[in-house]
Amino acid sequence: MTFDYDLFVIGGGSGGVRAARTAAATGAKVGLAEEYRMGGTCVIRGCVPKKLMVFASSFSEMFEDARSYGWDLTDGPFHWPHFSEKLNSELDRLEGIYRKLLDGSNVAIFDGRASLKDPHTVALSTGEEITAKHILVATGGRPVVPETPGAELGITSNEIFQLKEMPKSILIIGGGYIASEFAGILNGLGVKVTQFYRGAQILRGFDDEARGLVAEGMRAKGIDLHLGTNIVEMRAATEADLSGDHSHGVPMEGGVPAQLPSKAAGHGIWVKATNGTEKVYDQVMFATGRAPNTSGIGLEEAGVEIGRRGEIVVDDYSQTRVPSIYAIGDVTNRVQLTPVAIREGMAFVETVFKGNPTPVDHHLIPSAVFTQPELGTVGMTEEEAREIEPVEIYCTSFKPMNHAFAGRDDRVLMKLVVSKETRKVLGCHIVADHAGEMIQLAGIAVKMGATKEDFDRTVAVHPTMAEELVTMKEPMRTA
Ligand code: NDP
């Protein structure tokens with residue numbers, strides 16, 4: 001049987017684009033469909049614009065610190081429209097690069113929604129039908145919003161980049177990556193940020209000590225973080241809510257309603273919380289997790305197995321139950337990270353187009369949470385490791401010299417979880433400025449199976465924060 005294409009990729013995000021290009025480089029005839037903008041979540045409404053916002057938000061502290069270092073600076077307000085316009089043109093530029101890369105690799109681009117008709121046929125929203133020997137589903141994920149009454153008034157991370165104006169105040173629901181990162185970003189940009197997390201500590205799954213320090217740092221920077229708290233209901237604020245009428249629960253500060261929405265934003269949202277408070281915020285953002293994009297694209301009809309969380313079930317080689325259909329990235333809900341989706345795409349090409357079966361290695365993936373303070377992590381947390389084997393914990397928390405000089409109280413954390421028996425560093429956790437950069441490098445050593453003694457044999461780079469990773473002599477505790 002002949003097919004129109006050797007490979008048809010559904011979804012033009014980081015994983016799909018990389019798989020399409022590397023498959024085409026083997027001489028395969030490749031097509032790719034994207035219904036929205038090329039680049040997917042990471043480039044268009046995720047990592048890239050988020051990181052640019054992290055940079056933008058960090059200037060507020062830099063201005064303060066600069067004065068401590070002797071600079072004569074006066075800081076003014078942040079101009080969102082200026083930043084937003086520049087951000088959008090940067091995203092246009094990046095999308096253009098993605099298209100050019102695909103074009104340059106001879107990948108045929110289809111701007112439309114694709115769905116599966118059968119194991120070898122894709123139907124496009126343009127009416128075209130295309131056959132392919134292999135189909136790769138890389139449709140990513142989308143934010144999910146709980147069924148809270150009035151939740152439709154809120155926004156998600158999809159909308160935050162497209163706001164016409166910055167809110168004066170915002171309530172962020174959730175305690176994961178996105179909620180905690182945006183709490184820091186918006187706080188740095190001058191927004192009054194309240195964060196509700198339903199559990200006992202934000203960033204569930206990360207090392208307890210590290211998440212504790214991040215939460216402490218966030219609070220110290222002005223984020224009003226409420227743990228064990230969730231939203232009960234929300235609705236558009238009424239005149240009575242805004243007038244500061246106590247019968248409607250708007251808390252007063254000096255006779256003025258504490259969290260009046262800005263007139264510029266044009267509306268406010270009244271929120272009732274599980275802790276009994278009722279307040280009005282300019283904006284409410286849900287960062288309550290993401291779900292795989294598996295509905296309405298003919299997956300089940302084509303015989304693809306969908307798991308309990310709506311994810312495409314795949315084997316170690318990203319193959320679904322239907323031999324001609326593969327899936328990579330967030331739609332498989334393995335590890336929701338861009339570089340992992342890219343790895344999965346490359347392993348798929350290696351397996352299917354280069355005849356070299358390559359399982360995806362999901363072990364010891366370093367990652368960073370761009371909270372303020374930033375968190376970098378690789379390997380096991382103390383809590384995970386001590387369940388498995390006896391461990392030594394090397395840990396130090398201190399005021400780094402740049403902050404100490406500026407008069408800041410911010411502390412950093414450097415922590416190693418070490419196997420008592422093998423001496424291997426099982427986990428490394430860093431809370432500090434640029435922790436993401438540091439953990440990328442520490443991640444190499446941990447992935448190579450470095451022992452504590454290997455770390456110790458490495459000469460310190462002085463004066464840095466990271467030198468503590470190779471100078472901690474005595475375990476703080478054993479567990
Ligand atoms: P996460 O799964 O990280 O966090 C979701 C949060 O929402 C959790 O705190 C969860 O609480 C809470 N939550 C879920 N349902 C409800 C509910 N009904 N009511 C109240 N709270 C609720 O998802 P994110 O959306 O933050 O991020 C999605 C993924 O994207 C991440 O897992 C990560 O892999 C990736 N990402 C990575 C980044 C990075 O590498 N820096 C940045 C941003 C995203 P609970 O803990 O109790 O379940």
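Since we're looking at a predicted model, the values are computed, not measured. Read the numbers this way: they start at 1 and go in the same order the structure lists the ligands and their atoms.
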Q: A368 near ligand 1, heavy-atom distance under 4.0 Å?
A: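 A368: in contact with ligand 1 (<4.0 Å).
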Q: Quick one: does ligand 1 sit under 4.0 Å from the side chain of I202, the backbone, both or neither, non-hydrogen atoms only?
A: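 I202 to ligand 1: no contact under 4.0 Å from either part.
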Q: Looking only at protein heavy atoms, which one is nearest to atom 9 (O) of ligand 1, and how far off is it?
A: G175 N, 2.8 Å
Q: Would R290 and E311 pass as an ion pair if we require N to O under 4.0 Å?
A: no
Q: Need the ligand 1 atom indices (1-based, order shown) with element for anything under 4.0 Å from a heavy-atom of R290.
A: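 Selected atoms, number and element: 25 (O), 28 (C).
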Q: Are the charged groups of E90 and K86 less than 4.0 angstrom apart, N to O?
A: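 Looking at E90 and K86, the cut-off is not met.
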Q: For ligand 1, note which part of Q336 has a heavy atom under 4.0 Å away: side chain, backbone, both or neither.
A: both
Q: Set out, in order, the CA-CA distance, both residues' side-chain angles and the distance that settles side-chain contact (heavy atoms from CB on, under 4.5 Å) for M414 and Y394, then state yes or no.
A: CA-CA 8 Å; M414 301 283 157; Y394 295 83; over 6 Å; no
Q: Heavy-atom distances under 4.0 Å are what count here, so tell me which part of Y197 touches ligand 1: side chain, backbone, both or neither.
A: side chain
Q: Strictly under 6.0 Å, is that where the ring centroids of F206 and Y177 end up?
A: yes
Q: Report the C-alpha distance between M465 and M438 in whole Å, list the side-chain angles of each, state the deciding distance to 0.1 Å, and finish with yes or no for side-chain contact (heavy atoms from CB on, under 4.5 Å).
A: CA-CA 10 Å; M465 294 181 278; M438 292 185 225; 3.7 Å; yes
Q: Would you check the N or O atoms of G199, main chain and side chain alike, for any that come under 3.5 Å of an N or O of ligand 1?
A: no
Q: Do D111 and R37 meet the salt-bridge criterion of a basic N to acidic O distance under 4.0 Å?
A: no
Q: Show the atoms of ligand 1 that are less than 4.0 angstrom away from any heavy atom in K50.
A: 41 (N), 42 (C)
Q: Is any side-chain N of the basic residue among D410 and K399 closer than 4.0 Å to the acidic one's carboxylate O?
A: no
Q: In ligand 1, which numbered atoms sit nearer than 4.0 Å to a non-hydrogen atom of N230?
A: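 Those of ligand 1 that fall under 4.0 Å from N230 are 19 (N), 20 (C).
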Q: Please write down residue, atom name and distance for the protein heavy atom closest to atom 5 (C) of ligand 1.
A: G289 N, 3.5 Å
Q: Return the residue, atom name and 0.1 Å-rounded distance of the protein heavy atom closest to atom 1 (P) of ligand 1.
A: G176 CA, 4.1 Å
Q: Indicate yes or no: does E159 engage R45 in a salt bridge with an N to O separation below 4.0 Å.
A: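 No.
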Q: Under 4.0 Å, counting heavy atoms only: does A287 come that close to any atom of ligand 1?
A: yes
Q: Could you check which of T148, I178, I172 puts a non-hydrogen atom nearest to atom 26 (O) of ligand 1?
A: I178
Q: Nearest protein heavy-atom contact for atom 42 (C) of ligand 1: which residue, which atom, what distance?
A: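 Ranked first by proximity to atom 42 (C) of ligand 1 is E181 OE1, 3.3 Å.
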Q: Could you go step by step and tell me if F110 and F8 meet the ring pair (Phe, Tyr, Trp, His ring centres under 6.0 Å) rule?
A: CA-CA 10 Å; F110 296 86; F8 197 87; 5.5 Å; yes
Q: Does this structure show an ion pair linking D65 with R408, if we count only N-O contacts that are shorter than 4.0 Å?
A: yes
Q: Using a 4.0 Å cut-off to any heavy atom of P146, which atoms of ligand 1 qualify?
A: 18 (N)
Q: Considering non-hydrogen atoms of the protein only, which is the closest contact for atom 48 (O) of ligand 1, and what is the distance?
A: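 So the nearest neighbour among protein heavy atoms is R204 NH2, 2.8 Å.
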Q: Please state which protein non-hydrogen atom is closest to atom 7 (O) of ligand 1 and give its distance, to 0.1 Å?
A: T288 CA, 3.1 Å
Q: Between L337 and ligand 1, which residue portion shows a heavy-atom distance shorter than 4.0 Å: side chain, backbone, both, or neither?
A: side chain
Q: Starting from atom 31 (C) of ligand 1, which protein heavy atom do you reach first, and at what distance in Å?
A: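 That would be Y177 CD1, 3.6 Å.
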Q: Please check if the distance between the ring centroids of F83 and F55 is under 6.0 Å.
A: no
Q: Atom 17 (C) of ligand 1: which protein heavy atom is closest, and how many Å away?
A: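 Sorting protein heavy atoms by distance from atom 17 (C) of ligand 1 puts R198 NH1, 3.4 Å first.
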Q: Closer than 4.0 angstrom, basic N to acidic O: yes or no for K447 and D361?
A: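 So K447 pairs with D361 through a salt bridge.
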